Amino acid sequence: MRSWRSSVLSALLGAGLGAAAVRLWSFEGPHEEARTAAAFSHCPVIPVPGIIPRVQASELTGSPGAVMKYGFPSLANVKSRDSYITSYDPRTRTASWVIERLSPASLSGSADRKCCTFKEDDSVHVFHRATNEDYRGSGFDRGHMAAAANHKWSQKAMDDTFYLSNVSPQNPHLNQNTWNNLEKLCRALTKRYLNVYVCTGPLYLPRQEADGKLYVRYQVIGPNHVAVPTHFFKVLILEQMDGKGVELRSYVMPNEPINERVPLERFLVSIETIERASGLLFVPNIMKRTSTLHAITDR
DNA sequence: TTTGCTGT
C-alpha cells in the first residue's frame with residue numbers, strides 16, 4: 001500500500017515537477033516548529049507598491065474587479081458570483097479554479113447553511129452540467145471549492161457556493177477532516193492578514209503504471225461522468241497587515257483519506273508546482289516570473 | 001464548529 005506522501009510525490013514527479021516538491025517533503029526535523037519555519041521559508045513574499053486597505057463590509061458584494069486584483073489564472077468560461085469568481089471546465093463538469101476573498105467581514109453574519117441545498121448550475125449547458133444524481137451513492141462528497149462558511153456575510157453569497165459548478169467529487173474523509181482543517185486555517189489567517197485571497201481547484205496528475213509509462217487516470221461518476229480529481233490545490237494570497245507586501249502559500253492534497261495528525265505544512269508545495277500541473281498561472285499581475293521563480297525553486 | 005451523507 002502506497003502512502004499519501006509517495007502517491008503525491010510520484011504524481012508530481014510524473015509531471016516533471018519534482019525539484020521543488022522533493023526538497024519540501026524530504027525535510028524531517030525533530031521539532032515541529034522548526035519544520036514549520038522551514039516550510040514557510042519556501043513561501044515567496046512579494047513587496048507591493050502603495051498601502052493596501054482592509055476590505056470593509058460595504059465592499060463585500062461580489063465585484064470581479066476587487067476579487068480578481070491579482071489576475072485571472074485562466075480565461076475560459078469565467079463566471080462571477082456574489083461570493084467567488086470561477087472558471088468552469090465543461091469537459092470535467094467541475095471548476096478549473098475558484099477565487100474568493102476572505103476577511104473578518106466576509107466571515108461574520110447570519111447566513112446559515114441549513115438554508116442551502118446543492119443545486120445544478122443552469123448557466124452550464126446540460127451536456128456539461130453536474131447534477132445531484134451524479135453524486136448520489138457515488139461514495140464521494142460534494143466538496144465545496146469556495147467554502148460555505150467563508151461567506152456568512154450574506155445568505156445569497158452562501159447560497160451561491162452550493163452550485164455544483166463550485167463542487168468537486170471529494171473523498172468524504174478528506175473533505176470532513178484534513179481538507180476542512182485547511183479551510184479553517186484560511187479563515188483563521190484573516191486575523192493575521194489584512195485580506196486573504198484563496199484560489200481552489202482540482203488537479204488530475206499523472207502516475208506511473210505497471211508498464212512504466214505515465215498516465216492521467218481518473219474516475220468519473222454518475223450519468224454525466226463528473227470527473228473525480230486525483231488531487232486538490234489551494235493557493236493563498238495573504239496581504240500583510242502593514243499593507244506593504246503579499247505572501248503566497250500553496251497546498252496540494254491527494255483526493256484520499258489523510259490522517260488528521262499530519263501537519264498542514266507538509267502539504268505545502270511551490271506555486272510553480274501547481275502552475276505546471278494545472279495549466280494555470282497565479283497572480284500574473286504581481287509575479288515577476290524569472291526572478292521570483294528562481295527564489296522559490298533554488299532555495 | 002463545519003464538513004457532509006442517507007432515509008423518512
Side-chain angles (χ1 to χ4, degrees), chain A residues 4 60 81-84 86 92-95 97-121 130-192 196-203 219-224 226-236 251-264 266-267:
Chain A
W4 62 265
L60 283 174
R81 300 248 156 79
D82 275 10
S83 38
Y84 57 89
T86 183
T92 56
R93 292 81 158 106
T94 188
W97 52 262
V98 179
I99 297 183
E100 54 194 319
R101 186 179 58 182
L102 278 54
S103 64
S106 79
L107 301 185
S108 60
S110 57
D112 184 353
R113 71 176 281 148
K114 287 190 174 60
C115 304
C116 306
T117 52
F118 288 102
K119 57 200 174 184
E120 296 177 24
D121 186 341
T131 67
N132 282 313
E133 188 192 352
D134 293 315
Y135 285 84
R136 190 170 302 121
S138 69
F140 291 93
D141 276 7
R142 292 167 289 190
H144 280 86
M145 298 293 97
N150 294 348
H151 301 284
K152 296 178 79 172
W153 57 281
S154 147
Q155 188 64 50
K156 171 68 162 58
M158 185 177 283
D159 288 348
D160 282 356
T161 70
F162 280 78
Y163 281 115
L164 291 176
S165 51
N166 178 51
V167 159
S168 279
Q170 196 165 40
N171 176 277
H173 183 278
L174 174 70
N175 182 36
Q176 295 165 38
N177 295 280
T178 303
W179 186 262
N180 189 20
N181 291 339
L182 181 57
E183 293 177 337
K184 289 176 181 172
L185 171 66
C186 296
R187 290 192 282 274
L189 288 171
T190 61
K191 299 185 179 110
R192 289 163 42 197
V196 174
Y197 291 76
V198 183
C199 182
T200 309
L203 293 171
Q219 183 182 351
V220 296
I221 57 171
N224 295 301
V226 181
V228 179
T230 64
H231 298 73
F232 294 97
F233 70 82
K234 254 188 203 302
V235 174
L236 278 51
Y251 298 82
V252 170
M253 288 185 185
N255 193 8
E256 58 192 48
I258 294 176
N259 189 320
E260 258 197 295
R261 290 175 301 184
V262 179
L264 294 175
R266 301 279 187 90
F267 300 94

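A note on names: the letters A, B, ... follow the listed sequences, proteins ahead of strands, and every chain is numbered from 1. What you are looking at is a predicted structure, and each value in this text was computed from that prediction instead of being measured.
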Separation of B:dT3 atom P from A:Y135 atom OH, nearest Å, is 16 Å
Paired with A:E260, the side chain to side chain donor-acceptor pair (under 3.5 Å) test is passed by just one of A:T178, A:N181, A:N180, namely A:N181
To the nearest angstrom, the CD-C1' distance between A:E260 and B:dT1 comes to 13 Å
task: Output yes when a side-chain donor or acceptor of A:T230 lies under 3.5 Å from a complementary backbone atom of A:L203, and no otherwise.
output: yes
Check whether any side-chain N or O of A:N166 sits under 3.5 Å from a backbone N or O of A:T161 as a donor-acceptor pair, and report yes or no.
-> yes
Rounded to whole Å, the CG-C1' distance (A:N132 to B:dT6) equals 13 Å
> At under 4.0 Å, does any side-chain N or O of A:K152 touch on OP1 or OP2 of B:dT2?
Replying inline: yes
Here the distance between atom P of B:dC5 and atom CD1 of A:I221, to the nearest Å, is 10 Å
For B:dT2 and A:H144 - does any side-chain N or O of the residue sit under 4.0 Å from the phosphate oxygens OP1/OP2?
no
(message) Keeping A:T94 on the side-chain end and A:V167 on the backbone end, is there a donor-acceptor pair under 3.5 Å?
(response) yes
Whole-Å distance, A:R136 CZ to B:dT8 P, equals 14 Å
Can you confirm whether A:N150 sits close enough to A:R187 that some side-chain heavy atom of one is under 4.5 Å from a side-chain heavy atom of the other? yes
From CE of A:M158 across to C1' of B:dT1 the rounded distance in Å is 12 Å
Using a heavy-atom cut-off of under 4.0 Å over every strand shown, decide if A:R142 touches base, sugar-phosphate, or nothing. sugar-phosphate
*asked:* On the side chain of A:K184, is there an atom forming a donor-acceptor pair with the base of B:dT1 - under 3.5 Å, no angle test?
replied: yes
Rounded to whole Å, CD of A:E183 lies from P of B:dG4 at a distance of 7 Å
Note: contacts of residues 167-182 of chain A with DNA chain B (heavy atom, under 4.0 Å) are A:N175, A:Q176, A:N180
Under 30°, 30 to 60°, or over 60°: which ring-plane class applies to A:F118 and A:F162, parallel, tilted or perpendicular? tilted
#### Entry: Side-chain donor/acceptor of A:D160 to backbone N/O of A:A157, under 3.5 Å
no
OP1 or OP2 of B:dT3 versus the side-chain N and O atoms of A:R113: is any pair under 4.0 Å? yes
Here the distance between atom P of B:dT3 and atom NE2 of A:H151, to the nearest Å, is 11 Å
